[in-house]
Amino acid sequence: MKVEFQYDLKRKEVKIVSEYFNNIREHFSVKNPGARFNRFQRFMPQRIYAITPAGYCDVGLVPEIENYLKTLNIPFEVVYSIEYANLLKSLPYKAGLHKELDCSLKLRPYQREAVSAALERGHGTIVVGTGGGKTFIMATLLSNIDFKMGKVLIIVPDIGLVAQTYNDFISYGISEHLITKWTGSHEVDLSKNVIIANLGILQSDNSDISWFNQVTCLFVDECHKLRNGNKVNKLVDKIPTFNRFGFTGTLPEDPIDTWNIIGRLGPVIYEKTTSNLRDEGEGQYIANAQCLALNLTYNFKPDYTAVSANQRYLLELDFIHNSNFRYNVVKRIVGNLKNNCLILVDHIVHGDRMYNELRDLEGKEVYFIQGNVEVEDRREIQKLMEKQNNIVCVAISKIFSTGISIKNIHYIMFAAGGKSKIKTLQSIGRGLRIRENKDILTIIDLVDNLIYGKNHFEKRKQFYALEKIQIKDKEIIET
């Protein structure tokens with residue numbers, strides 16, 4: 001049986017032509033969770049597909065399709081159209097690592113492998129567990145790119161990461177004459193070869209992106225944030241080059257989101273999980289981790305029957321956000337810690353209350369980082385945490401779950417629950433960076449003995465098992 005991959009120059013997409021097409025398309029689909037709950041749109045599709053009914057898909061998905069075909073016990077002939085074959089020829093840079101950075105850091109073996117894979121393939125997604133030095137990999141790859149080809153655009157999620165990435169690159173030996181920052185407060189310097197920009201400035205209606213046609217290589221940091229149909233996707237589509245690289249510590253749990261990422265940025269060309277880094281490095285790459293699960297049992301529970309089914313989760317959130325018992329447990333635990341602690345919450349009202357409950361703890365400096373805290377102020381708090389101990393930082397998880405680099409964190413408290421794979425694993429990563437006086441990261445997981453609290457913890461347990469993090473349970477009963 002023949003499967004042909006054609007390349008549509010106008011759509012810049014691949015078209016699949018095969019008698020087996022319907023089977024391929026069905027494999028690259030998932031159930032539509034919205035269809036089950038939506039009683040008002042009876043004609044909502046029952047499945048979500050990564051491939052259109054006409055057979056079109058993103059270029060990076062083709063290797064994934066070929067891998068699927070190899071798993072079948074059916075002989076297939078894979079054929080590339082001339083246009084698609086020419087596209088593949090245009091992608092690879094050069095095999096092997098040709099240049100290392102002139103700095104005190106040296107490439108670890110897995111970092112060298114990741115850079116070599118990127119140079120050989122010319123596009124693709126690199127998955128390296130948080131704390132594994134993705135920025136150093138990016139900088140080394142950057143130093144091996146021929147800037148005569150055009151500009152390199154590096155997209156990072158937020159403003160804080162623009163400055164952090166820029167400063168890291170300089171410290172790694174990348175010349176400041178090559179790179180420029182582009183944010184709301186920094187104008188882009190188009191005379192430079194490398195442009196580091198945050199999503200916000202790129203998506204602004206007032207931003208001039210006419211120079212995108214000069215971009216011949218694209219880096220997308222924290223690429224797990226690409227979601228099917230979101231603004232980041234549309235932005236990436238505007239950049240004409242197929243020399244694209246995505247960097248992340250964790251791919252999404254939803255296959256549709258993963259297929260979307262590799263479709264736009266290229267297949268996974270290198271992967272090293274956090275547990276791999278821990279096992280191979282024997283404590284030299286990232287810190288070990290353990291989890292203390294505090295099972296909180298309440299005297300009284302929310303009256304779930306008092307509200308409609310779709311309001312029950314919000315009822316439970318409101319209950320834990322206002323539980324004096326819960327805050328007293330946190331105060332007692334945090335008050336006895338001897339090193340820095342990061343407490344992650346999801347909502348400002350919860351963070352405000354947490355901060356007010358903890359700010360008078362004896363011997364502790366307590367901060368609350370939320371969206372309205374200026375980037376410079378956030379950076380100052382991070383510097384304090386690197387230099388001092390006994391700092392407690394309450395932070396909104398969306399702000400602190402990715403990209404923040406603080407080595408001097410010994411404890412992370414999950415005070416908001418939740419069941420997101422990316423949020424959980426990325427948040428753990430905030431404390432995995434090694435430091436001289438740090439043997440292990442302790443995750444303190446507040447497990448509410450309530451409907452959603454218990455269900456969500458069961459999901460988090462799967463993520464802990466995935467990362468080989470042992471869990472010790474402790475029950476605390478309200479009296």
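Please read these numbers as outputs of a predicted model, since none were measured by experiment. Residue numbers start at 1 and run along the sequence shown.
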- Sidechain-backbone polar pair: T258 side chain, L251 backbone, donor-acceptor under 3.5 Å: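 Such a contact is absent between T258 side chain and L251 backbone.
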
- Item | E458 and K461: CA distance, side-chain angles, deciding distance, salt bridge (charged side-chain N to carboxylate O under 4.0 Å, His left out) verdict | CA-CA 5 Å; E458 288 302 313; K461 281 172 67 175; 3.7 Å; yes

- Take K421 and Q462, measure what side-chain contact (heavy atoms from CB on, under 4.5 Å) needs, and give me the verdict at the end. CA-CA 9 Å; K421 174 186 176 183; Q462 296 177 22; over 6 Å; no

Is it true that [X] and [Y] have a side-chain N and a carboxylate O under 4.0 angstrom from each other?
X: D445; Y: R460; result: yes
X: R227; Y: D257; result: yes
X: D237; Y: R264; result: yes
X: K181; Y: D189; result: no

With under 30° as parallel and over 60° as perpendicular, where do the rings of [X] and [Y] fit, or are they tilted in between?
X: Y7; Y: F242; result: perpendicular
X: F245; Y: F247; result: tilted
X: Y84; Y: F5; result: tilted
X: Y313; Y: H456; result: tilted

- Message: Please enumerate all residues that pass side-chain contact (heavy atoms from CB on, under 4.5 Å) together with L277, with sequence neighbours excluded.
- Response: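 Y110, V128, K272, Y285, I286.
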
- Message: Can you list everything that forms a side-chain contact (heavy atoms from CB on, under 4.5 Å) with N23? Sequence neighbours excluded, please.
- Response: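 side-chain contact (heavy atoms from CB on, under 4.5 Å) check on N23 returns Y20.
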
- Message: Going by ring-ring contact (aromatic ring centres under 6.0 Å, His included), name the residues that satisfy it together with Y270, two or more places apart in sequence or in a different chain.
- Response: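 Listed in chain order: nothing, the list is empty.
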
- Query: Crowded around D102 CG? As in, over 12 foreign heavy atoms under 6.0 Å?
  - Reply: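 No, the 6.0 Å shell around CG holds no more than 12 heavy atoms from other groups.
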
- Query: Heavy-atom count around I82 CD1 within 6.0 Å, excluding the residue itself: above 12?
  - Reply: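 Not buried by this count: 12 neighbours or fewer within 6.0 Å.
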
- Evaluate the side-chain contact (heavy atoms from CB on, under 4.5 Å) criterion for residues V156 and E222: first the C-alpha distance (whole Å), next the side-chain angles of each, then the deciding distance (0.1 Å), finally the verdict. CA-CA 7 Å; V156 299; E222 308 293 357; over 6 Å; no

- Query: Could you give the distance from CD1 (I396) to CG (D346), rounded to the nearest 0.5 Å?
  - Reply: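 Going from the CD1 atom of I396 to the CG atom of D346 covers 7.5 Å.
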
- Task: Go through the steps for E113 and R108 under the test salt bridge (charged side-chain N to carboxylate O under 4.0 Å, His left out), then give the verdict.
- Result: CA-CA 9 Å; E113 292 167 2; R108 297 167 180 170; over 6 Å; no

- Message: Run the side-chain contact (heavy atoms from CB on, under 4.5 Å) test on I16 and E4 for me, step by step, so that the C-alpha distance in whole Å, both residues' side-chain angles and the decisive distance to 0.1 Å come before the verdict.
- Response: CA-CA 6 Å; I16 305 163; E4 183 178 1; over 6 Å; no

- Would you say the side chains of T442 and Q290 form a donor-acceptor pair under 3.5 Å?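 Judged by distance alone, the side chains do pair up.
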
- Task: Take K468 and D279 through the test salt bridge (charged side-chain N to carboxylate O under 4.0 Å, His left out) and record every step on the way to the result.
- Result: CA-CA 10 Å; K468 300 179 181 178; D279 293 343; 3.1 Å; yes

- Check step by step if ring-ring contact (aromatic ring centres under 6.0 Å, His included) holds for H27 and Y68. CA-CA 9 Å; H27 177 79; Y68 162 64; 3.8 Å; yes

- Test log, rule side-chain contact (heavy atoms from CB on, under 4.5 Å), inputs L342 and F414: CA-CA 9 Å; L342 173 63; F414 288 163; over 6 Å; no

